[in-house]
J.: 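Mind looking over this structure? Questions follow.
This one's a predicted model, so the numbers in the text were calculated from it and none came from an experiment. Counting starts at 1 for both ligands and their atoms, in listed order. Sequence positions, counted from 1, serve as the residue numbers for this chain.
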Amino acid sequence: MSTVEWPPALPMFCDVALPVPLDTVFTYNIPEGMLPVVGGRVLVPFRQKRLSGIVTELHERKPPVETKNVLSALDSVPVLDDQLLRLGKWIADYYLAPLGEVFRTMLPLGAEFKRAVGYRINEEGLMALHLAGMSGSSARSRKTPEDQFAEFCVLEYLAGREDADRELIKEGTLRGATRASKALLAGMARKKWITREDFSGARDASRIVKVAVLRNAEGKLNANQQALVDKLAAAGGKVAVETLRTLDVPRTTLATLVKRGLVELVDEPEALTRSQLKARPSQLDFQFSPAQQRALARVRGEVDAHKFAGMLLHGVTGSGKTAVYLAAMRWVLDAGRCSILLVPEIGLTPAVAADLHQVFGDEVAILHSALSDKERAEQWHRIKRGEARVVVGTRSAVFAPVADLALLIVDEEQDSSYKQEETPRYHARDVAVVRAKMADATVVLGSATPSLESYFNAKKNKYALLELPDRVEQRPLPEVELIDMRQEFQETGQEQVISRKLLAEIKHRLERQEQVMVLLNRRGYSPVVLCRACGHTMQCKNCAVALTHHKRTHRMQCHYCGFAARVPKVCGNCGSEYVYFLGTGSEKLEELLHGLFPQARIGRLDRDTVRSHEDFERALNALNEGQLDILVGTQMIAKGHDVHGVTLVGVIAADAALGFPDFRAAERTFQLLTQVAGRAGRGQTPGKVVLQTYFPDHYAVQYAAHHDFTGFYDKELQFRSWMHYPPYSALANVLVRSDKLDEALQWSGALGRWFEKTRHEGVRVLGPAAAPIARLKQDYRYHLVLKSPSREKLNATLRAMLAYAAQEKVPRTQLIVDVDALWLM
Ligand SMILES: [Zn+2]
Ligand SMILES: [Zn+2]
């Protein structure tokens, strides 16, 4: 006869993934009465600190070493559900990243982790405790006032440990806990018994604004109340309280409406509640072309099938991909299910947010890179609670905690901002595909210039290929003219920044009052500062990189680490006075154009003029409303904006990136040229593009000029196949760095010898060699490039290498493993 134990024994131990650079989880003891959950956060002691981590398993296996106690279980329900836990484990495995760091990236709750306000007991506090213990009438006696009793408990608690958390005290870890209120603790701090310590530093909470939301408008209203309700109704039911205050009604009116339940006040992040740009109804018309309708029908069909499906939506610039996305997401929402749309960094302007609010109302959560930690956490909770079933955001939105995910869309899937360039080095597009598989959902990758990887997958039928071959309303793609700058030099006898042809075309457009964009993908005034006497170029003191001259600020800047210095009067090397600036950046181009067209209104868009999304939007807005004639800029101007007045796009140094020592140089050049060319002629008047190049015969330039994606694709695939580069092999970049040259050399050398000694069949190893940027942010850098047709073999080899490096005491933080690296620089 078996006996059933009831209640069942609670697990003794839990494994916790902590945000530390170690490839392991840590086992802790669960104190009696505490109930941590798998996928929930716990606070644990780790070395000299307290860290919060995610519980990955509850179990009874006693580890061989002594375990410490969990300090506190922070969640009673998981913050990461099964699917997201599995996704995190996949990322940790695939990208060889510590699991705890992956989870930290997935959860935008850093502000909550860190909001561990701690209290430490002081000498005075210890004395007070001592005296209370001495006095005959024990402080524990019920006769003492309740507050005094609570104070005693807090002191006793704190005296027993290094520091404690106010949350812990509140949660009843100690007797008399309910009395340990904020006020009590503050009072004790005033008596100098305890010291409050905020580990989080000052958090910016000022950007939350009160917003009035119209709930209903029934019943009798007086004139003032009616005015407020009208204002709210006209604005779509939602207005910042601050704005309502500008109306000529008494302050009490709003309060009355709130009391009557007609209006509700809610907190909202400020950043996205306002927009200078009017919503663009053209985007929301949903007047679909047959190709758009076919694409939409396909996506809807797959969504309704509740099975995994991958699709590549290849649509030329201006073909209306966004409208297809929004309509598909609307379809999903109407079915009561969830969708996520990922957009590149630069794509999420407040104008786009306004569009989204118009289509989805309160159902949309927008995760923006400009959000503060607190705002991000709030959006996360809204999604988790199921209040927002449509999520739009940059890279990390792929981890949004939606339930019942039906559709994931990655817009401009080739964009490099989807790759995180710090641990964990995941690619959000690839994570989106994996998540969709786990959720039996549909994933749509959209682009005018798909990455070679995605197009290859589509050709191999891993994804269905949906094509939007034409622009909306049969607008033609712009005509492209190539200017050979070598010939220009021969004919004019001097180095030109702007060719005669481009000059004439700009003049022509300005006369017709049309708008022009000029791309020069290099910011600053001059990219090189040089001594004419000895040839010395000014280098960054932290990086092996030339400093760029910025004229407006009179400084030389490093574009990699941010180092800046005054332009020297004399050469640091030889003392001569002939310091000279070489080459042209966007700042100088703007100046040149001002000189050539003094009447024209010229704006510039690059990282020096754009500090925020608002700046970015302001510049585009000015162009859109015809307040600018010419917009100069770096690749920022190339991305997906829909400005109808631009009929000419000029590209200075179209081939600048072709010289980079990177196998993706041709692909990047082709994509940039195609994207920027796509800015021309989006309105009624056909567009034209003038490409200036020193390599007019290069296939990336040629195919871009002919809008020939498939031509480029075939040619580039041939090259990748010959060189065993992706998509024909899996690739990883292993970077060894140290601020001491001999360490960097020694470690990379040891890894190189290890690769030679141990056989790794089917894995090619190149290097170690100095990285193309041999020194960066004070670190010397050496790298090895690994390639293999088998991803499993590559992964196993990297794992073995990490084990060897650990054995050789190479610090894990100095060894970067970048799987599917986008840059080999
Ligand atoms: Zn630097
Ligand atoms: Zn010199």
J.: May I ask you to say whether Asp23 pairs ionically with Arg799, meaning some side-chain N is under 4.0 Å from a carboxylate O?
T.: no

J.: Using 2.8 Å as the cut-off, note every protein N, O or S atom close to the Zn ion (ligand 1).
T.: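 Protein N, O or S atoms closer than 2.8 Å to the Zn ion (ligand 1): Cys540 SG, Cys543 SG, Cys558 SG, Cys561 SG.
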
J.: As a quick check of understanding, evaluate side-chain hydrogen bond (donor to acceptor under 3.5 Å, both in side chains) for Thr423 and Glu101, giving each step before the final call.
T.: CA-CA 7 Å; Thr423 309; Glu101 298 200 331; 4.5 Å; no

J.: Under a 4.0 Å N-O cut-off, is there an ion pair linking Glu667 with Arg720?
T.: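 Yes, charged N to carboxylate O under 4.0 Å.
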
J.: With a 4.0 Å cut-off, would you call Arg429 and Glu453 a salt bridge?
T.: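 Here Arg429 does not pair with Glu453 in a salt bridge, since their nearest N and O are not under 4.0 Å apart.
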
J.: Sequence neighbours excluded, which residues qualify as side chain to side chain donor-acceptor pair (under 3.5 Å) partners of Gln692?
T.: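 Testing Gln692 for side chain to side chain donor-acceptor pair (under 3.5 Å), a comparison that skips the adjacent residues, returns Ser499.
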
J.: List the residues meeting ring pair (Phe, Tyr, Trp, His ring centres under 6.0 Å) with Tyr780, not counting sequence neighbours, and say none if there are none.
T.: none

J.: Mind running side chain to side chain contact (heavy atoms under 4.5 Å, CB included) on Tyr94 and Val431 for me, showing each step along the way?
T.: CA-CA 10 Å; Tyr94 185 95; Val431 171; over 6 Å; no

J.: Should the pair Arg532 and Tyr580 be classed as cation-pi, given the thresholds of under 6.0 Å to the six-membered ring centre and 45° from the axis?
T.: yes

J.: Return the set of protein N, O or S atoms whose distance to the Zn ion (ligand 2) is under 2.8 Å, each given as residue and atom.
T.: Cys531 SG, Cys534 SG, Cys571 SG, Cys574 SG

J.: Show your reasoning for whether side-chain hydrogen bond (donor to acceptor under 3.5 Å, both in side chains) applies to Glu345 and Ser417.
T.: CA-CA 6 Å; Glu345 272 309 332; Ser417 71; 5.2 Å; no

